[in-house]
Every structure is written in C-alpha cells, then in structure tokens.
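Below: the structure, in structure tokens.
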Amino acid sequence: MEPTPPDPERQMQPAPLKPPGHPDSGLEAAIREEAEGAPEDSSGLGTMTENNFWLKKIEISVSEAEKRTGRNAMNMQETYTAYLIETRSVEHADGQSVLTDSLWRRYSEFELLRNYLLVYYPHIVVPPLPEKRAEFVWHKLSADNMDPDFVERRRIGLENFLLRVASHPILCRDKIFYLFLTQEGNWKETVNETGFQLKVDSRLKALNATFRVKNPDKRFTELKHYSDELQSVISHLLRVRARVADRLYGVYKVHGNYGRVFSEWSAIEKEMGDGLQSAGHHMDVYASSIDDILEDEEHYADQLKEYLFYAEALRAVCRKHELMQYDLEMAAQDLASKKQQCEELATGTVRTFSLKGMTTKLFGQETPEQREARIKVLEEQINEGEQQLKSKNLEGREFVKNAWADIERFKEQKNRDLKEALISYAIMQISMCKKGIQVWTNAKECFSKM
Amino acid sequence: MESERGASGAPRSADLPARGAGGDDPGGGVPFPGSGSGSSPLLPTDVLSLDEDEDDLEVFSKDASLMDMNSFSPVMPTSPLSMINQIKFEDEPDLKDLFITVDEPESHVTTIETFITYRIITKTSRGEFDSSEFEVRRRYQDFLWLKGKLEESHPTLIIPPLPEKFIVKGMVERFNDDFIETRRKALHKFLNRIADHPTLTFNEDFKVFLTAEAWDLSSHKKQGPGLLSRMGQTVKAVASSMRGVKNRPEEFMEMNNFIEIFSQKINLIDKISQRIYKEEREYFDEMKEYGPIHILWSASEEDLVDILKGIASCIDKCRKATERRMSGLSEALLPVVHEYVLYSEMLMGVMKRRDQIQAELDSKIEALTSKKGDPHLLTEEIGRLEDKVECANNALKADWERWKQNMQNDIKSAFTDMAEENIHYYEQCLATWESFLTSQTELHLEEDSEDKL
C-alpha cells in the first residue's frame with residue numbers, strides 16, 4: 001500500500017523527532033511553522049487561518065469495526081475491537097476521491113496518538129477521544145463495551161476525532177499523525193521512539209505548580225473555572241437526559257400491550273372487532289417508534305459528551321501555563337537569591353542566613369581567594385540564570401499567545417457546534433411529535449369506527 | 001358520535017319551576033345560574049360553553065331546558081367530556097325527567113366511627129315524586145343497601161356497579177382526597193345509570209333512596225324480608241348453583257363465554273391503562289430538572305444564552321402539556337375502564353342468578369319425574385317457576401343488548417378521547433418546538449446579515 005497523497009512530506013515538518021531533552025521541541029517547531037506563514041505551495045492549500053485546508057485534500061473515515069482476538073503484552077488472550085481507517089485523496093478537477101490508505105487500529109492506539117499530541121502541543125486544545133467505557137447509560141442501553149450499538153457510536157466518535165485533528169491548522173501537519181493514518185506496522189514503535197513519555201509533566205509537579213504559582217495569567221484562571229463549570233453542567237444534563245429517556249421509553253412501550261389485548265378482545269366482538277384490531281396495530285407502531293427516536297437522541301448526547309471531554313483538554317492547557325509560569329517564578333526567585341548572595345560576598349555583609357555564614361562564624365572566615373572563587377562561580381551562575389530567565393520569559397509569552405489563539409479558535413468552534421447540536425435536538429423533538437400525531441390520528445380513526 | 005350527542009336533547013324540565021317548593025329545600029340551595037330571577041330559563045346560546053360542536057348547538061339552542069342541566073356545573077365540576085358521557089346514557093332521549101348529582105363529600109366523626117356522606121340532589125318532573133327537588137345526604141353503606149335491594153328485586157337485570165369498598169393497593173388512609181373524589185364521581189355515575197335504566201328508574205327503593213330523610217331511610221331499610229330469611233335464601237341459592245347448570249340455553253352459553261373473555265380483557269386493559277398513567281407521571285417528574293439545567297448552563301455561556309433559554313422554555317411547556325395529558329387520561333379513560341371491570345364482575349353475578357333460577361325449576365322438574373313429593377303441588381310450582389324463568393331470561397336478554405350497546409359507546413368514546421388527548425399533546429409540543437426553531441433561524445439570518453455588513 002504505497003501512500004501517494006499529494007506532497008505529504010513537504011507539509012509534514014519532522015519537528016517532533018528531536019532528541020529527548022528538548023522539552024519544548026514541539027512547541028518550538030510549532031512556533032517556527034507559524035512564523036513561516038503560508039506554505040510554499042501554490043495549490044491554494046490556504047493559510048494558517050483556514051481550518052480545513054487539509055480536508056480539501058484528503059478524506060478520512062473510520063468505516064468499519066471488527067472484533068478480534070489476540071495476545072496482549074502479558075501474553076494473555078484478549079478480545080478487542082479494531083477499526084478500519086480509510087484515507088482518500090480528493091482530486092481537484094472532478095472531485096472524485098481515490099483510496100490512498102487503509103489500515104486497522106484499535107482504541108489503545110488512538111489513545112497513544114492523543115497522549116503524544118498532548119505532550120508535543122501543550123498550547124493546543126487537543127480534541128478528545130470518545131469515552132472509553134459507556135457512561136450515562138439508561139436501562140435499555142448496554143454498558144458493555146462489546147455491545148454493537150456502543151461500538152457503532154464509538155466508531156463515529158473515533159472518526160470525529162480524526163477529522164478534528166485533520167482540520168486543525170497545526171495538528172494536521174504532525175508527522176506521527178500522518179503515519180498513524182498511513183503506516184500500519186511499526187507505528188507504535190515509531191511513536192515510542194520519540195521518547196514523548198519521558199516528557200510528560202508529572203501530575204505531582206503540575207499539582208504543585210497549580211497551588212504555588214503566584215501570578216498566572218488571569219485569563220487562564222478564568223478558563224479553568226469555565227471548564228469546570230462546563231464539565232459539571234454537561235454531566236448533570238446528560239444524567240437527567242438519560243433518566244428522562246428511560247421514562248419516555250416506559251410510556252411508549254406500555255402502549256404496546258394494548259395491541260395484544262385489543263387483538264384478543266376483537267375476537268369476541270362483532271361490530272367493534274375491526275376497529276379494535278386495527279387500533280391495536282397502531283398501538284404497536286407507537287410502541288416501537290421509541291427505539292429510533294432514542295437512538296437519534298443518543299447521537300445528540302454524544303455531541304454533548306465531546307464537549308464534556310473537551311473541558312479536560314482546556315484544563316490541560318491551563319495546567320501547562322501554570323507549570324511554565326511557576327517554573328519562571330522559581331527561576332526568577334533563584335536568580336534573585338543568587339544575586340543577593342553574590343552582593344553579600346562582595347561587600348562582606350551578611351544579611352541573609354546561610355550555611356556558609358554559619359560555618360564562617362564557627363570555623364573562621366574564609367580566605368580572600370576562596371571568596372573570589374565563590375563570587376566567580378556565582379557570577380557565572382547568575383549570567384546563565386539571566387539567560388535562562390530571558391528565554392523562559394520569551395517561551396512563556398509565546399505559549400500564552402499561541403495558546404490563547406487556539407483557545408479563541410476553540411471557543412468559536414464550540415459555539416458553532418453546540419448551537420448546531422441544540423438545534424438538531426429541537427428538530428428531533430419536532431420529528432417525534434409529528435410521528436406521534438400521525439399514529440394517534442390513525443388510532444383515533446380506528447376507535448371512532450368501532 | 002356526533003349524531004348520538006345530537007339526538008339526546010330536549011329534556012322536559014322546561015316545566016320545572018326555578019326553585020323547589022316547600023320544606024324539602026334546605027336553605028342555601030344552589031340557584032340555577034341559567035335562570036335569572038327565577039322566571040323563564042331561556043338564555044342566549046353564547047352562554048352555552050358545553051360544546052363547540054355546531055350541530056349540538058343548533059339542537060340545544062332551541063331548548064333552553066338544557067340550561068338547567070348546565071346549572072349543575074358550578075355545583076359539581078364536571079368536564080365537558082363527562083357531561084357528554086352523561087347525555088349518552090339516554091335510551092329514550094325525549095323522556096329524561098330525572099336529574100341526579102352527587103357532590104360535597106363531608107366527613108362525620110362520631111364516637112364509634114368516622115365516615116363520609118355525599119350530598120345527593122335530585123330534580124324531577126315525575127308525578128310520583130312529592131316534590132320536584134330533593135336534597136339528601138347518604139353514605140357508602142346506603143349505596144350498598146340500594147344495590148342489594150335492586151339485585152334482590154331484579155336478579156337478572158344488569159345493575160350498575162358501585163365503586164369498591166376499599167382499594168388495597170396504594171391506600172395510605174381511607175379518606176385521602178383523590179380517593180374521595182374518584183368515589184364521588186363513580187357514585188354519581190351509579191345513580192345516573194340507574195336513573196337511565198328503563199326498569200330500574202321506577203324502582204321504589206331507588207325513589208326512597210333519593211328522597212327520604214335520614215330517619216325515614218333507616219326505618220325503611222329495616223322493613224322487608226328479615227335477616228334470617230335472607231340468609232336462608234342465600235344458603236339455598238348457593239346450594240342450587242353448586243348443582244351446576246345442565247340446561248343452560250345456547251344463547252346464554254354464548255353470553256357467558258363473552259363475559260368470561262370480556263372480563264379477562266377489560267381487566268388487562270385496566271392494568272395497562274393504570275400503568276401508562278404511572279409511567280407518564282414518572283416522566284413528568286423527571287422532566288422537572290431537565291429544563292432548569294439548560295438555564296444553569298446559559299449562565300456560563302455568553303453566546304448560547306438565547307438558544308439555551310429557548311430550549312429550557314420549550315421543555316417546560318412540553319412538561320405542562322404532559323400534565324394535561326395525564327389529567328385527561330385520568331378523567332376520560334381510567335374511570336370508564338374501571339367501571340367496566342366492575343361491570344364484568346357484576347355480569348358474572350347476573351349469570352349466576354339466572355342459572356340459579358333455572359336450577360330451581362330444573363330441580364322441581366326432576367322431583368316430578370322421579371316421583372318425589374306431591375305431583376299436584378309440584379306441577380303448580382313448576383308452572384310458576386317456568387314463568388319466572390321465562391321472565392328472568394327475557395329481562396336479561398333485553399338488558400344484555402342494552403348493556404352491550406352502552407358498553408360499545410362508552411369504550412369507543414373513552415378511547416377516542418384518549419387518542420384525542422394524545423393528539424392534542426403532540427400538537428402542543430410540536431407548536432412549541434417549531435416556534436423555537438423559527439425564532440432561531442430568524443436570529444441566525446439576522447446574525448449572518450450583520451456579519452456581512
């Protein structure tokens with residue numbers, strides 16, 4: 001399966017494949033990309049601001065899901081679902097699409113991809129994956145991961161994830177993402193070779209920073225609050241919706257019993273018989289109509305769920321900012337203390353408590369040579385520190401700028417998507433009402449003919 | 001259905017004076033709102049809010065006496081639907097001359113017990129009644145007595161059913177408001193069904209029930225066959241029915257078969273209908289939080305405030321529509337279905353009594369053929385019993401046809417009403433959501449054109 005999408009190499013910057021030890025290699029690359037402005041080609045791929053220029057060129061679909069068995073890392077038998085990802089390139093002239101790549105991936109590989117993107121694009125609100133386990137289940141829905149309806153909804157969710165990444169102006173250019181779509185074998189090894197796992201900020205470190213940071217950008221603090229509220233309100237809404245769906249199911253289904261009883265009763269009735277029988281049929285239709293209605297509503301719930309999970313992605317960006325800011329504050333503090341130490345050594349005044357000061361008192365003053373040597377070391381450190389502080393400052397400001405740009409992009413996307421979802425909910429209700437009117441009008445006619 | 005409603009009309013109570021005469025009328029009776037200062041009850045037709053149906057209006061407008069029937073409405077809050085049901089009881093529409101209402105449940109506490117009485121107002125133009133209006137108070141026990149007397153006097157007529165003494169399921173206390181209201185409505189129906197029955201309406205005990213003061217009723221109750229003799233009859237009845245019915249005529253076999261199956265089915269329908277009501281109630285309860293969550297959400301979303309508030313309002317409106325649907329169900333469908341559940345039990349009793357009467361005859365015939373006892377006496381008795389059987393069978397046959405016809409009408413209209421309630425519910429919800437969608441689309445177009453500027 002030779003991949004021949006139009007000039008992928010040129011669009012793919014091998015940015016993330018820097019050696020480990022460059023914690024912000026991804027960020028630097030991203031900055032560089034943005035600084036470069038529009039790509040060199042003239043095929044109208046668009047500038048950074050055009051969100052779906054990648055989509056113009058390729059179509060991605062997660063078209064199938066298949067149950068598989070295999071052996072896991074501990075050599076134990078396991079059952080899992082694999083998803084078929086097909087990539088098509090769209091020819092300009094006639095709009096026809098040609099299948100260029102097709103491979104199978106499982107959910108854990110999607111997770112790996114996402115974790116990688118989180119590390120290398122910390123200033124981006126990375127699209128979330130569909131839920132790992134079924135939540136907000138109402139009684140008819142199965143909580144089983146192997147249940148075909150769940151698998152189907154997950155398939156759609158995974159496709160949605162890939163489309164979101166592909167339509168993101170920055171993420172779509174990532175090589176690992178490209179390889180995810182095109183290189184079936186060895187992809188996992190390639191990702192792991194980037195060593196991204198080593199660069200993951202530890203939770204503990206992040207928590208520490210969150211508590212101790214003194215001057216985070218206020219916008220991020222507000223964003224954190226917003227994402228908490230968003231998560232809480234959507235969870236609540238989904239829970240209540242599930243309960244309401246359960247009740248509605250009950251109302252519809254009980255009517256189905258009328259069908260059976262009317263039919264049996266009609267056997268003993270001469271004049272009423274026909275009316276009863278046909279009315280019963282409509283009661284059956286009514287009872288079974290709820291299945292489709294609630295299935296549609298489940299898709300609506302999935303749309304809301306995506307934004308529930310997006311809340312966590314927002315928080316991840318805020319955390320990164322807090323980490324960087326804390327790091328900066330610590331570096332500044334450290335520099336300041338070193339400068340003070342240096343000054344004290346130079347002028348001979350001891351204002352601050354130090355171990356050296358103590359030992360000096362106990363064991364006598366140090367020699368001028370020793371003092372000179374120490375001052376020299378400190379001066380070097382101070383120099384280095386000042387450089388680092390400068391670059392950290394720059395990095396921090398760049399991060400804030402870029403992150404905020406993506407957050408603005410995200411906000412607009414969110415408003416659009418949620419509006420659309422809510423409108424589609426209204427449309428679903430309208431369709432349900434129309435069906436109801438039809439069935440009951442038919443039933444009424446049957447009743448009146450009895 | 002329209003034609004039936006139209007046919008029942010013209011009550012003759014135009015002849016009624018506006019107020020009852022004499023001391024029967026306890027002070028503070030309800031004035032007829034239809035009649036002004038007590039003179040002619042003729043009214044302009046726009047007062048009639050009973051029915052939007054044009055045909056009915058045309059018929060009733062010529063007959064101002066319908067106003068009298070309307071005058072019951074403030075006394076007893078009947079919905080237009082159940083008023084129409086009342087009218088449908090008519091067998092001979094032109095001759096309805098007895099109007100009964102049951103209302104004003106009141107609690108009475110004595111040292112021994114607590115019980116409820118209901119006020120019964122009777123208005124009539126019949127000569128055999130001493131007055132044209134009566135007001136009495138009766139308790140459930142009195143209704144039971146009346147039913148017993150009717151069954152005694154007319155063993156093979158289909159006596160209307162009484163509401164149950166207790167409802168075991170879900171009864172918290174004997175006298176909660178819903179229970180009393182349901183019972184009151186059922187008692188009202190019970191008396192009106194008797195009034196509409198061509199034979200039962202002239203029953204003497206019925207008249208006493210409607211008119212006698214409390215002490216008169218008690219003494220009347222004490223008359224009639226003593227307790228012991230009544231018990232004796234019951235024992236005999238049980239014994240004879242145990243013998244089984246060998247010679248039940250074909251048509252009664254069919255009838256019995258029908259009753260058995262009907263009873264099964266109507267019981268199921270009763271259960272299903274109650275269950276639907278319960279599910280709708282639970283749906284209504286869950287919806288309570290659903291709208292407000294959207295409002296809560298709108299507090300943190302600047303751009304989505306309008307749409308979220310719009311959705312919340314739609315949900316709340318649909319919730320109200322659900323409430324209305326539930327109450328429609330409980331008024332139009334549930335009482336009717338339940339009444340026929342009780343009817344089906346009643347019918348089985350009627351069949352048994354008919355079988356009993358025949359069994360009496362059969363046993364006498366058997367005695368004659370096996371030469372046990374005085375042939376002359378037996379032949380005489382047989383003659384008498386043959387007449388009795390023939391009467392009973394004919395009475396039942398006629399009443400059966402009447403009952404079936406009524407059942408068909410009642411069931412048909414109850415389910416048609418249910419369908420109508422559902423249609424109305426969905427229409428209301430549809431209108432709500434559609435208008436929301438329209439407003440959103442308009443808004444969207446506005447925003448678009450603003451963006452373009």
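Letters A, B, ... mirror the listed sequences (proteins, then strands); counts begin at 1. None of these values were measured; they are calculated from a predicted model.
Nearest heavy atom pair, residue B/Ile307 against residue A/Lys419, reads CD1-O, 3.8 Å. For the pair B/Phe262 and A/Ile268, the tightest heavy-atom approach, listed with the atom from each and the gap, is N-CD1, 3.7 Å. Considering every non-hydrogen atom in both B/Glu279 and A/Gly250, the closest pair reads OE1-CA, 3.6 Å.
If you measure heavy-atom distances from B/Thr432 to chain A, you find no contacts under 4.5 Å at all. With a threshold of 4.5 angstrom between heavy atoms, A/Lys435 does not approach chain B through any atom at all. In this structure, the portion of B/Phe436 lying under 4.5 Å from any heavy atom of chain A is its side chain and not its backbone. For B/Ile261, the parts lying near chain A are the backbone and the side chain together; criterion is any non-hydrogen pair under 4.5 Å. Of the two parts of B/Ile311, only the side chain, counted from C-beta on, holds a non-hydrogen atom closer than 4.5 Å to a non-hydrogen atom of chain A. Heavy-atom distances place both the backbone and the side chain of A/Tyr258 under 4.5 Å from chain B. Within the 4.5 angstrom heavy-atom criterion, no atom of A/Leu276 approaches chain B. The parts of A/His255 that come within reach of chain B are both its backbone and its side chain, each placing non-hydrogen atoms under 4.5 angstrom from that chain. Contacts between B/Ile272 and chain A at a heavy-atom distance below 4.5 Å involve backbone atoms as well as side-chain atoms. Proximity to chain A involves both the backbone and the side chain of B/Leu430, based on heavy atoms less than 4.5 angstrom apart. In this structure, chain A has no heavy atom under 4.5 Å from any part of B/Phe284. For a residue to count as touching a neighbouring chain, one of its non-hydrogen atoms must lie under 4.5 Å from one of that chain's; by this rule B/Gln428 does not touch chain A.
The shortest distance between side-chain heavy atoms of B/Glu301 and A/Glu229 does not fall below 4.5 Å. Side-chain contact check for B/Tyr283 versus A/Tyr252: every heavy-atom pair is 4.5 Å or farther apart. Looking only at side-chain heavy atoms (C-beta outward), B/Asp417 and A/Phe447 stay at 4.5 Å or farther from each other.
One finds the CD1 atom of B/Ile293 at 8.0 Å from the CZ atom of A/Arg239 (value rounded to the nearest 0.5 Å). Between the CH2 atom in A/Trp265 and the CD1 atom in B/Ile411 there is a gap of 4.0 Å [rounded to 0.5 Å]. Within the model, atoms NE2 of A/His225 and OG of B/Ser300 stand 12.5 Å from one another, a figure rounded to the nearest 0.5 Å. Rounded to the nearest 0.5 angstrom, A/Glu264 CD and B/Lys265 NZ are separated by 3.5 Å. Interatomic distance, B/Glu434 CD to A/Gln429 CD, rounded to the nearest 0.5 Å: 12.5 Å.
Using a distance-only test at 3.5 Å, with no hydrogens or angles considered, a donor-acceptor pair links the side chain of B/Lys412 to the main chain of A/Ser448.
The residues B/Glu289 and A/Arg243 are annotated as salt-bridged, a charged nitrogen and a carboxylate oxygen being separated by less than 4.0 angstrom. Under a 4.0 Å N-O distance rule, the pair B/Glu280/A/Arg247 does not qualify as a salt bridge.
Of the listed residues (A/Leu422, A/Asn257, A/Asn442), the greatest number of heavy-atom pairs within a distance under 4.5 Å of chain B belongs to A/Leu422. Contact count versus chain B (heavy atoms, under 4.5 Å) is highest, among A/Ile427, A/Val439, A/Val254, for A/Val254.
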Show the numbers, then the answer: is there a ring pair (Phe, Tyr, Trp, His ring centres under 6.0 Å) between B/Phe415 and A/Phe262?
CA-CA 12 Å; B/Phe415 277 106; A/Phe262 282 176; 5.2 Å; yes
